[in-house]
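Since the structure comes first, as structure tokens, the remarks are kept for the end.
Since the model is a prediction, treat every value here as computed from it, not as a measurement.
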Amino acid sequence: MSSSTTAFTRRGFVTTGAAAAGAIAAAPLLSGCGSSASTTSSGVTNKKAVNSVVPTFKAQTSITPDIPSVQGINGAASDPGFLSFPANPVKTVTGTIGSGGTYKAVTPLWGSVPAAGNSYYQAVNAAIGATLNENPSDGNNYATMLSTLFASGNIPDWLDVPGWNTAAIQNFDEGVQKYFKDLTPYLSGDNALEYPNLAAIPTGGWAAGVWNGKLYGIPLWTSAASFAGSIFYRGDIFKTAGIDASTITSADALKALGAELTVKSKGQYAFDDLGTYLYQPFNIPISAGVGFTKDSSGNFISKYEMPEFAEMLEFAASLATSGYVHPSAIAGDSADAKNRFWAGKVVITADGVGAWNGADAVSGQAANAAYDRQALDVFAFDGGTPTIGLEAGAGMFSYLNKNLSDSQVKELLRIANYLAAPFGSEEYLLSRYGKEGTDYTMTSSGPTLTAEGNKVVTDTFDQLANCQAVTFNAGYNSVTQGHLASQANACKHAYKPLFWAMNITEPASTSKATTAIESVITDVRLGRKTVTDYQNALTTWKSQAGNTLRTFYEGVAKQYGTGD
């Protein structure tokens, strides 16, 4: 995930889930169906079985958000939001936490690795009464590291596995059973009430941590408003141009902005590459591998076979060849996309929902004091009723080593319960910011890292366990309010795609063909090839992978259902 540097730099900014990475995470929960189209009995869990192993949900009511969650449809609900850090943080954990154990923990880190034994680590370990030896690993190469761990069997006591990395791990669904502790006896049903902060994590996150009928994963940044991303625009530039964003309710209306917003003499272009974020207006599923759905006759079809997919490519190619897309985007330079947006070189871009936060405002306003990121409301390409696919409740999970004893598992779950304390609690403050006066100071905007804190406080402990996703941007309340208003709007149009949140491993034999067609799709989207080239590639893909996958998913549906 090339944009992950913004995902885990949340001190005082948005604290959301996997989609916060500022990029679309690959189907986050694809594991467990075996390795061939005829084998569907090794890993998928049907809905009834999932419900029998997930924890009983009991909301944490000790802290009241400034912006309450707004209920949408089909289980979607916006995250709670805070405009200030709660005064007088409450204590939510009582009794013994750690028993003096020492454990190795491995988590991804997008940034500099702090020195071992630093003040932050010391503060957290003192609070939990145990020693978590943190071993952060480069997030950009984390998948490679995980593959090495799984190949060697050298699994740490506590391991974070982002959902988008599982595809790189051979037979991950088998590895789950081989290397990780089954948490079902400890957390299923009312057993979880022994760990109140874990029980307060919404059920959708836990459901996505079920493999082979058992609960293994502790969900991170669980949200009922997990969407792949948004189409963003520069609100300040729209205002200057007199453009009302609420009028952008179709693909044609979006494209019409090209001429109005492209000023080549200033180096300003209307669009960046909108990529797969165009799936939403064209109603193309983005979850579950290559995205299978059903046509009007009830037949299984891939997203590639949907008429809307070719229409989406036709539209994207028309943008690319119009002269309204920034040349660097056409050249495939995605690494500089945020800089282009901050500098006003592009007015409309697309990104993961977590791109809209206080850190983004800091960077944007450094380039232009008037900088204002906003998101278009979801819309349908033809101006009709919009829909947006709801992602699984969590896309990152931590796992405990299978060889841990019963007492060790219980100790680590008590620690996880501490780390999962709600936003604004005493435990949250310490586990996210360290020791007051050393690692942070409390200001009117909330906790602010000291010079020492900026060196040592990283997103490590919160990638082992954390609370329900919330939104808070210290000093940038307008960002919080805008983000949550956009999220609430999306929740009104949410649907659960076929096989929603089901852990499914697609046959490995199909991956090469899928990679090949995705390459053609990119070329068409950027104007280097035509839709005819795509149709030819589709024919090849169906013969080499599509028909196999269709049979495979038909088997999954017959044996396990299609999710919610």
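Ala494 and Phe227 get closest at one heavy-atom pair: CB-CE2, 4.0 Å. Between Pro219 and Ile201, the shortest heavy-atom contact is CG-CG2, 3.8 Å. Here the shortest heavy-atom pairing between Ala253 and Thr247 reads CB-O, 3.9 Å. For Met306 against Ile284, the heavy-atom pair with the smallest separation is CE-CA, 4.4 Å. What you find for Ala394 and Phe397 is that their closest heavy atoms are O-CZ, 3.6 Å. Closest of all the heavy-atom pairs between Asp160 and Gln463 is OD2-O, 2.9 Å.
Leu319 is not listed as a side-chain neighbour of Tyr324, based on a closest heavy-atom distance of 4.5 Å or more. Using a 4.5 Å heavy-atom cutoff, the side chains of Val457 and Tyr440 are not in contact. Residues Asp272 and Lys345 are not in side-chain contact: their nearest non-hydrogen atoms beyond the backbone lie 4.5 Å or more apart. At a threshold of 4.5 Å between non-hydrogen side-chain atoms, the residues Thr293 and Lys303 do not count as touching. With contacts defined as side-chain heavy-atom distances shorter than 4.5 Å, the pair Asp138/Met145 does not qualify. Between Leu109 and Tyr142 there is no side-chain heavy-atom pair separated by less than 4.5 Å. Val347 is not listed as a side-chain neighbour of Leu257, based on a closest heavy-atom distance of 4.5 Å or more. Side chains of Ser322 and Phe271 form no contact here, defined as non-hydrogen atoms less than 4.5 Å apart.
Under a 3.5 Å cut-off, the side chain of Ser486 and the backbone N or O of His483 do not form any donor-acceptor pair. Panel note: side chain Ser519, backbone Thr515; no donor-acceptor pair is recorded below 3.5 Å. Put simply, the side chain of Thr262 gets close to the backbone of Ala270: a donor and an acceptor are under 3.5 Å apart. Ser69 places no side-chain N or O within donor-acceptor distance of the main-chain N or O of Ala77, the cut-off being under 3.5 Å. Within the 3.5 Å criterion, the main-chain N or O of Leu390 finds a donor-acceptor partner in the side chain of Trp500. Between the side chain of Asn339 and the backbone N or O of Asp336 there is no donor-acceptor pair closer than 3.5 Å. A donor-acceptor contact shorter than 3.5 Å links the side chain of Asn473 to the backbone of Gly358. With hydrogens and angles disregarded, a donor-acceptor distance shorter than 3.5 Å links the side chain of Gln280 to the backbone of Phe379.
Other residues, nucleotides and ligands contribute only 12 or fewer heavy atoms inside 6.0 Å of the CD atom of Glu314. Around atom CD of Gln71, more than 12 heavy atoms belonging to other residues, nucleotides or ligands sit under 6.0 Å away.
Separation of atoms CZ (Arg432) and SG (Cys467) is listed at 5.5 Å; rounding is to 0.5 Å. Atom OH of Tyr277 is separated from atom CG of Leu376 by 14.5 Å, given to the nearest 0.5 angstrom. Ile348 contributes atom CD1, which lies 14.0 Å from atom NE2 of His326 (distance to the nearest 0.5 angstrom). In this structure, CG in Leu429 is found 8.0 Å from OG in Ser425, a value given to the nearest 0.5 Å. Rounded to the nearest 0.5 Å, atoms CG (Asn118) and OG1 (Thr458) are 7.5 Å apart.
Ring geometry, Phe309 versus Tyr304: the interplanar angle exceeds 60°, so the pair is classed perpendicular (tilted spans 30 to 60°). Using a 30° and 60° split on the angle between ring planes, Phe381 and Phe282 fall in the parallel class, below 30°. Note: Tyr120 and Phe461 have perpendicular aromatic rings, judged against thresholds of 30 and 60 degrees for the angle between ring planes.
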Would you check, one step at a time, whether the test side-chain contact (heavy atoms from CB on, under 4.5 Å) holds for Asp462 with Leu419? CA-CA 7 Å; Asp462 60 352; Leu419 298 177; over 6 Å; no
Could you please spell out the steps behind the side-chain contact (heavy atoms from CB on, under 4.5 Å) verdict for Leu261 and Ile243? CA-CA 10 Å; Leu261 293 172; Ile243 298 170; 3.6 Å; yes
Go through it in stages, so that I can follow the logic: the residues are Asn466 and Trp221, the test is side-chain contact (heavy atoms from CB on, under 4.5 Å), and I'd like the CA-CA distance, side-chain angles, deciding distance and then a yes or no. CA-CA 6 Å; Asn466 55 47; Trp221 296 287; 3.2 Å; yes
Apply side chain to side chain donor-acceptor pair (under 3.5 Å) to the pair Ser119 and Thr438, showing each step before the final yes or no. CA-CA 8 Å; Ser119 58; Thr438 300; over 6 Å; no
With side-chain contact (heavy atoms from CB on, under 4.5 Å) as the test, would you mind laying out the steps for Tyr233 and Ile248 before giving the verdict? CA-CA 11 Å; Tyr233 66 94; Ile248 313 305; over 6 Å; no
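Residues passing the side-chain contact (heavy atoms from CB on, under 4.5 Å) test with Pro156, sequence neighbours excluded: Lys104, Val106, Leu149, Leu159. In this view, Asn283 and Thr387 satisfy the side-chain hydrogen bond (donor to acceptor under 3.5 Å, both in side chains) rule, not counting sequence neighbours. For Thr530, the side-chain hydrogen bond (donor to acceptor under 3.5 Å, both in side chains) test picks out Asp533, with sequence neighbours left out. Remark: Asp333 engages Arg340 in a salt bridge (charged side-chain N to carboxylate O under 4.0 Å, His left out) (not counting sequence neighbours). Residues passing the side-chain contact (heavy atoms from CB on, under 4.5 Å) test with Val70, sequence neighbours excluded: Ser78, Ala488. Here Trp158 pairs with Ser398 under the side-chain hydrogen bond (donor to acceptor under 3.5 Å, both in side chains) rule; sequence neighbours left out. Residues that satisfy the side-chain contact (heavy atoms from CB on, under 4.5 Å) test with Thr249, not counting sequence neighbours, are absent from this structure. For Asp360, the side-chain hydrogen bond (donor to acceptor under 3.5 Å, both in side chains) partners are Trp342, Tyr371, Arg373, not counting sequence neighbours. In this structure, the salt bridge (charged side-chain N to carboxylate O under 4.0 Å, His left out) partners of Lys529, at least two apart in sequence or on a different chain, are Asp523. In this view, Leu526 and Asp273, Thr522, Arg528 satisfy the side-chain contact (heavy atoms from CB on, under 4.5 Å) rule, not counting sequence neighbours.
The aromatic ring centres of Phe472 and Phe423 sit less than 6.0 Å apart. The distance between the ring centers of Phe150 and Phe172 falls below 6.0 angstrom.
Counting only residues at least two apart or in different chains, salt bridge (Lys or Arg N to Asp or Glu O under 4.0 Å) contacts with residues 249-270 are absent. Each salt bridge (Lys or Arg N to Asp or Glu O under 4.0 Å) pair with one or both residues in residues 218-241, not counting sequence neighbours, appears once here: Arg234-Asp236.
A side-chain N or O of Asp79 and one of Ser223 form a donor-acceptor pair less than 3.5 Å apart.
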